[in-house]
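Predicted model only: the values in this text are computed from it and were never measured. In what follows, chains are A, B, ... by sequence order, proteins preceding strands, each numbered from 1.
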Amino acid sequence: MAYRVETRTTASSLAAVAGIVLIGVLIAFPAFAGRGLIQDLFFILTMLVLAQFWNLLAGYGGLVSVGQQAFVGLGGYAMFGAAILWGWDPVAALVLSGVAALLVAVPTAFFAFRLAGAYFAIGTWVVAEVVRLLVAQWKAVGGGTGTSLPREASGDMWGQAAIEALFGVRSAAARDILAYWLALALCVATIGGIYWLLRTKRGLALAAVRDNAQAARAVGVDAGAMKWVVFLTAAFGTGLAGGLIYLQKGRISPDAAFSVTDWTAYVIFIVVIGGIGTIEGPIIGVLVFFLLQSFFADYGSIYLMALGAIGIVIMLFAPRGLWGLFSDKTGIQLFPIRRRLTGGRLAKSKE
Amino acid sequence: MNWIDTIAQGVLLGGLYALFAAGLSLVFGIMRLVNLAHGDLIVMGAYLILLVVSVTGINPFLAALIAMPLMFALGWGLQRVVLNRVLGPDILPPLLVTFGLSIVVQNVLLQGFSADSQRVGAGALETASVDLGVVTLGVMPLLTFASAIAVIVCLNWVFYRTSLGRAFRATSDDPVTASLMGIKPQGIFAMATGIAMIVVTIAALYLGMRANFDPTIGPARLIYAFEAVIIGGLGSLWGTLAGGVIIGVAQTLGAAINPEWQILAGHIAFLVVLLIRPRGLFPRAFD
């Protein structure tokens, strides 16, 4: 038997099957789930997308950004702008959400990459503030007070009428279902895309840069180019998620759309508690976060205090998060990226 | 519009930003730690001074003297118990821990003091002014600027003229070799954060007396402080003052043109400097 290089494990094969089943169930969910549950799932899916992209930045790219709210807000505003000013269908305008975020990410990266290490974090924050202040001057979409999606846009999106007829629901509920399906598609594409990226040659280069930038450069990895790839990918995905979030909300304002708490602090918490630098981590993290949110969000500032404290404690005592603890104990990885040599004589001696 | 007056006000405002920035710069210089909770700690200092003033009824300057040792102890303990554990080659843990700390401090203040905006009353000093013929300057802004200069002179003196400063510089250059010479980096770091918190208290005093504050304004102060440090160039406290002045002048000029542009103008000045002088105007450190 010949030697083979593979990344697949038993656990990952099982996880793939379970994942496909889960996706199937989630697609069929609107048929029997109530509107509240669909909204909760939408929240989980969109936060998961944001968390996966932040994890790609910080966990794999070593780029700790505190300014991702810039791209969420831009995504939302690009969609609103296209729908209000040009009368685009909001679903079609989602493409603009990603493109707008991407366009702004280029100058952002140009500035922020001049700042080394920790200063990068605050640099991205400054850019996010600049974007927020500029958008607040944009009177056509409500300036500082914000605006709502016009009725003709929010009531007649692509596919909305079909969903109304299919499930016999009202227009607002149909919009939730549409947004939910789009979020599900975005989430699957995000996780699938990131997993694919990490398994390619680029992913290997990324891991090399993360572990030791100089050693990676010595074997010919272009560390600078990898940073650009990661930053622009994350901006595009975050922008898309932002557009989708505000398509479902139907109302936008600069303070909400560029909120550092909602779109960056929560996301960082999700990634840190679940386990930074893994794909599984944000999935665990978003579930924990959702549970905490649904039970304790009414406590307001005490709840946020506790979130911050939990984040600090995790970082101090279990820096690889809940999934890291689990994975260290069991050796299970659902999205393995390490290449292992199998087959031949190695197959007998278990790794 | 009086341009000279606007610029003079901006220069004095820069003193306040330099005070915000000095503590941040000190901590970064010695242990390469960027404290994302710095702005929130300034706001916390302001609340502490407010508390002392309202309980004892004494002058805010005296209240700040009482707050200083408390803030020093807080900084010392914070560094000992939390931050020393996360320092290392990986920048992620300290960033995430101080970000968590920022959220905690903000919400503790929100819980303890509500979201209402507060102000530390300074009596007649609030409205006192000096007429210099060309411009009329408030006594409070002048005091702020003078304090910023005094703080920088003191910090430079500690840094370059005392044995503690020598230990600071040695630890900053090479903690391992420094520890061979009998310096305990952990203790030095705790001392540095403690001193930074004394500077934070001075910044908090003027923050509280000059304008209204509430628990949510910390992150914006962190951003101004950071911009001043980067514009000035890492490692130079006088550069930080120059950075603060540039932000201050940009903000007052922006506000004079359109009040909505005040903050934006400061940020844009920062981005322009970053564009033409990526290492700042007076860089000393090389990292």
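- Chain A forms more heavy-atom pairs under 4.5 Å with one residue of B:L101, B:I230, B:L36 than with any other, namely B:I230.
- Using a 4.5 Å cut-off between heavy atoms, B:Q106 does not touch chain A at all.
- Neither the backbone nor the side chain of B:L109 comes within less than 4.5 Å of any heavy atom in chain A.
- Proximity to chain A involves both the backbone and the side chain of B:L275, based on heavy atoms less than 4.5 angstrom apart.
- For a residue to count as touching a neighbouring chain, one of its non-hydrogen atoms must lie under 4.5 Å from one of that chain's; by this rule A:A121 touches chain B with the side chain only.
- Contact annotation: the side chain of A:M305 never approaches that of B:I103 to less than 4.5 Å [non-hydrogen atoms, C-beta and beyond].
- Here the shortest heavy-atom pairing between B:H267 and A:V126 reads ND1-CG1, 4.1 Å.
- Neither the backbone nor the side chain of A:F113 comes within contact range of chain B, judged by heavy atoms closer than 4.5 Å.
- Inter-residue side-chain proximity for B:Q111 and A:I302 is flagged as met; some heavy-atom pair is nearer than 4.5 Å.
- Here the CD1-CG distance, from A:I122 to B:L24, works out to 6.0 Å after rounding to the nearest 0.5 Å.
- Residue A:V313 does not touch chain B at all, counting heavy-atom pairs closer than 4.5 Å.
- Between chain B and the residues A:G300, A:P319, A:G311, A:A265, the largest count of heavy-atom pairs under 4.5 Å involves A:A265.
- Contact check for A:L316 versus B:V82: side-chain heavy atoms found under the 4.5 Å cut-off.
- Between A:V64 and B:F99 the shortest side-chain heavy-atom distance does not fall below 4.5 Å.
- Between A:S301 and B:N107, the shortest heavy-atom contact is O-CB, 3.3 Å.
- Note: A:W125 leads A:F110, A:W125, A:F269 in heavy-atom pairs under 4.5 Å with chain B.
- Within a 6.0 Å radius of CZ in B:F282, other residues, nucleotides and ligands contribute 12 heavy atoms or fewer.
- Between B:L274 and A:F111, the shortest heavy-atom distance links the atoms CD2-O, 3.7 Å.
- Using a 4.5 Å cut-off between heavy atoms, B:L95 contacts chain A through its side chain alone, with no backbone atom that close.
- For A:I276, the part lying under 4.5 angstrom from a heavy atom of chain B is the side chain only.
- Ring geometry for B:F28 against A:Y119 counts as tilted: the plane angle lies between 30° and 60°, on a 0 to 90° scale.
- More than 12 heavy atoms of other residues, nucleotides or ligands sit less than 6.0 Å from atom CZ of B:R169.
- Closest non-hydrogen pair, A:I312 versus B:G100, comes out as CD1-C, 3.8 Å.
- Contacts between A:L115 and chain B at a heavy-atom distance below 4.5 Å involve the side chain alone, from C-beta outward.
- Contact annotation for A:V272: only side-chain heavy atoms (C-beta onward) come within less than 4.5 Å of a heavy atom of chain B.
- How far CD1 of B:I91 is from CG of A:L63: 8.5 Å, rounded to the nearest 0.5 Å.
- Neither the backbone nor the side chain of B:V105 has a heavy atom closer than 4.5 Å to any heavy atom of chain A.
- Atom CH2 of B:W261 has 12 or fewer neighbouring heavy atoms from other residues, nucleotides or ligands inside a 6.0 Å radius.
- Contact between A:M315 and B:P93 at its shortest, heavy atoms only, is CE-CA, 3.8 Å.
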